[in-house]
Amino acid sequence: MPLLYTINDCRLIQLDKNSDSRGNLTHIEGKEHVPFDIRRVYYIYDVPAGSQRAGHGHKNLFQVLIALAGSFDVHLDDGKNKRTVLLNRPYEGLLITPQIWRVIDNFSSGAVCLALASDRYDESSYYRDYDQFLEARKAIDPAGGILIK
Ligand code: T46
């Protein structure tokens, strides 16, 4: 695993879909599908049209986001490059590594965003300010130790 993550380290994870005449079932097994121990689950729903969520980065937190219902756009930014991922399938997760600025918008009506997180909620794990996020990335030595503020 690189110490200084980029948007290229964020990737889609395909989950299975067990389909029969009763509908579909998708399961998530720790470690098999998600490359971290899941310590927290939360979900975002009832998002008013035109709203934007997130708009921050995390120092050490890994997350997987899944559109359990509906769709939304996840904009990823590592300070140099940007990428937008449309999530619209409940059997597809987006792994977001630490040190990635993310903004989520374009929620469809009825969208539900499930998040699996590698750690418990901790406000001090956030970069809430974009300039602070960029400075912190500069302070991470890609060749050696991690100097996350
Ligand atoms: C992320 C995106 C996708 C908690 O008490 N516990 C929690 O686990 C979380 C995530 C939030 N909260 C409280 C903190 C705030 O008072 O819920 C309130 C809303 O949280 P926030 O403004 O951080 O929500 P989003 O949608 O902007 O961001 C959240 C996550 O915080 C973030 O990690 O990647 O969802």
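Below, each value reflects all heavy atoms present in this structure, side chains not excepted, and no hydrogens, waters or symmetry copies. First listed ligand is number 1; within each ligand, the first listed atom is number 1. By convention here, the first residue in the shown sequence is residue 1.
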Notebook entry, point to check: Salt bridge between Arg22 and Asp20, side-chain N to carboxylate O under 4.0 Å?
Noted result: yes
Checklist line | Residues in the immediate environment of ligand 1 (any heavy atom closer than 4.0 angstrom) | finding: Arg40, Tyr42, Ile44, Arg53, Ala54, His56, His58, Gln63, Arg102, Ile104, Tyr121, Tyr126, Arg128
Notebook entry, point to check: Any side-chain donor paired with an acceptor under 3.5 Å for Ser19 and Asn24?
Noted result: yes
Check: Can we say Arg83 and Asp77 salt-bridge, meaning some charged N sits less than 4.0 Å from an Asp/Glu carboxylate O?
Finding: no
Next item on the list: Output the distance between atom CG (Leu114) and atom CG (Leu68), rounded to the nearest 0.5 Å.
Entry: 4.5 Å
Margin query: Could you check whether Glu123 and Tyr121, counting side-chain N and O atoms only, form a donor-acceptor pair closer than 3.5 Å?
Written below: yes
Check: Got a second to check how far Asp129's CG is from Leu134's CG, nearest 0.5 Å?
Finding: 9.0 Å
